[in-house]
Structures are given as C-alpha cells and as structure tokens.
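In this chain, residues are counted from 1 in sequence order. FYI, side chains are in, hydrogens and waters are out, and symmetry mates aren't considered; it's all heavy atoms of this structure.
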Amino acid sequence: GYENDSSHLCVGSVVENAAATRLHDICHPTALSTAKLSFSQFQQPGHVTVIANYYTGCEAGRRESGVFAGIAQRIHDETNGKVNFITSLKGGGSCSAWAGIYQSDALTMGLNDGVKPTTQPLTVSDQQYDLRDFFFTSPYPHPSYIILDENLVVTYKS
C-alpha cells in the first residue's frame, strides 16, 4: 500500500512498472555519464537495490554520503554486482563534482580497504525531484534510504 497521499511507497509495496522502467541520467561514474538507469534492470534473481536521498550542501548528507560510497563499492564488489547502490543527488552544484567529493570522503575515512570507490554508487541527478518524489515521503528527510528486493518490492525505508 501507499501512504495517505497515494503517491509514496511503503514497506511491502511494489514499484509500479511506469516508475521501474522510467529512464534516469547517470552523471557518475563518468564512464557511464551517457548511460541511462532504469530500476527494472535490477529486477533479477538475487539482486538488491539501495537508493539514497541526499541534498548537496546538507551537513548530514555530506557525512553519510562518504560512508555510503565506501560501503556501496565494497558490497557491490563482494556480491559480484548483485547489490547496486543509487544516489539521488539534488540541490544544486555539479553532480559529478559532488560524487567526486563523497568518493574522496570514503577514501579519507578509510572505507573499502583504502580503495577509492569508482563504480558505486551510481549517481543520478535528481534536479526535477523525480526519484525523491516517487520513492521518499514528504517532508523528505535527508539523508534517507530505501531498499528494493529482486522483485522491486520495498523491504526497508527510512
């Protein structure tokens, strides 16, 4: 079920096909900057998708984004790509510059055995608030997270 305003996912909800197949521009890593992301590509046996909602310039988001990047890279690699991490980045500034900052923060914090994250998380510019508005709940606390299983069912939401 959806929450009171009929527009946000709750734990146990399935991501609707229109939202699952909608294409989003990946702005980081730069090797994928011409690629598109749809959540349906993660709808495979044994796959999990973790989505983070951040605002650039937010102190809490800045602290957690480096941790998220370091852990994302390690878990993605350890699971042979079965766990994917998406960062919905908004609030101004260059998406690739902010992605570079949180990847460097992960290295500074000593996460991922001192290896700078390069392929995770996938960073999607969300200037239109599309991901935020569909996956997260008003008043959109940040940072916040949602986890989808292999069937794109919400298994966790903060």
Side-chain angles (χ1 to χ4, degrees), residues 1-3 6-55 61 64-90 95-96 98-107 109 111-137 140-158:
Y2 290 95
E3 298 188 48
S6 300
S7 65
H8 300 287
L9 295 171
C10 297
V11 171
S13 297
V14 178
V15 175
E16 296 171 354
N17 190 54
T21 58
R22 186 173 179 148
L23 296 176
H24 304 278
D25 293 325
I26 297 172
C27 61
H28 202 271
T30 53
L32 296 175
S33 64
T34 59
K36 302 282 186 181
L37 167 96
S38 79
F39 291 96
S40 61
Q41 73 192 65
F42 304 122
Q43 198 170 8
Q44 301 177 45
H47 282 244
V48 173
T49 306
V50 182
I51 307 168
N53 180 46
Y54 297 119
Y55 288 86
E64 286 193 31
S65 63
V67 173
F68 186 76
I71 292 171
Q73 185 70 63
R74 182 173 44 89
I75 292 173
H76 178 78
D77 293 349
E78 288 174 357
T79 63
N80 295 316
K82 287 194 172 196
V83 180
N84 287 280
F85 296 81
I86 314 299
T87 299
S88 163
L89 196 64
K90 67 206 64 60
C95 183
S96 60
W98 278 103
I101 289 169
Y102 64 66
Q103 288 181 322
S104 293
D105 287 350
L107 186 61
M109 288 185 250
L111 300 167
N112 198 35
D113 296 322
V115 177
K116 183 177 180 179
T118 57
T119 63
Q120 292 287 310
L122 300 175
T123 304
V124 176
S125 179
D126 197 22
Q127 295 301 322
Q128 303 304 315
Y129 301 105
D130 180 57
L131 293 179
R132 182 204 69 180
D133 290 352
F134 183 77
F135 289 102
F136 298 93
T137 304
Y140 310 111
H142 57 277
S144 51
Y145 305 90
I146 192 167
I147 300 174
L148 307 174
D149 72 7
E150 64 188 31
N151 298 310
L152 302 184
V153 173
V154 177
T155 60
Y156 174 83
K157 183 176 180 180
S158 67

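In this structure, I26 CD1 and T87 OG1 are separated by 11.5 Å, a value rounded to the nearest 0.5 Å. Rounding to the nearest 0.5 angstrom, the gap separating the OG atom in S125 from the CG atom in L131 is 9.5 Å. A distance of 6.5 Å separates OG1 of T123 from CD of Q103, quoted to the nearest 0.5 Å. Atom CD of residue E16 and atom CZ of residue F134 lie 5.0 Å apart, to the nearest 0.5 angstrom. Residue I86 holds its CD1 atom at 6.5 Å from CD of Q120, rounded to the nearest 0.5 Å. Once rounded to the nearest 0.5 Å, the distance linking OG of S144 with CG of N53 reads 4.0 Å.
In this structure, F68 has its ring center under 6.0 Å from that of F85. Taking the six-membered ring wherever Trp is involved, the centroid distance between the rings of F135 and F39 falls below 6.0 Å.
Scanning all heavy atoms of the two residues, the minimum distance from R22 to D130 falls at NH1-OD1, 3.1 Å. When every heavy atom of G81 is checked against every heavy atom of N84, the shortest pair comes out as O-ND2, 3.0 Å. Across all non-hydrogen atoms, the minimal contact from T21 to S38 is O-CB, 3.8 Å. Shortest non-hydrogen contact noted between V124 and H24 is CG1-CB, 3.6 Å. When all heavy atoms of G66 and A106 are compared, the pair lying nearest together is O-CB, 3.1 Å.
Cation-pi geometry between R132 and F136 is not satisfied (NZ or CZ under 6.0 Å from the ring centre, within 45° of the ring normal).
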- request: Apply the test side-chain contact (heavy atoms from CB on, under 4.5 Å) to residues K82 and V48: give CA-CA distance (whole Å), side-chain angles for both, the deciding distance (0.1 Å), then the verdict.
  value: CA-CA 6 Å; K82 287 194 172 196; V48 173; over 6 Å; no
task: Any chance you could lay out the side-chain contact (heavy atoms from CB on, under 4.5 Å) test for L122 and H28, step after step, and finish with the verdict?
output: CA-CA 6 Å; L122 300 175; H28 202 271; over 6 Å; no
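The environment of Q128 atom CD is sparse: at most 12 non-hydrogen atoms of other residues, nucleotides or ligands sit within 6.0 angstrom.
Evaluated for a side chain to side chain contact (heavy atoms under 4.5 Å, CB included) with V153, the options V11, V14, L148 yield exactly one hit, V14.
Between V83 and H47 there is no side-chain heavy-atom pair separated by less than 4.5 Å.
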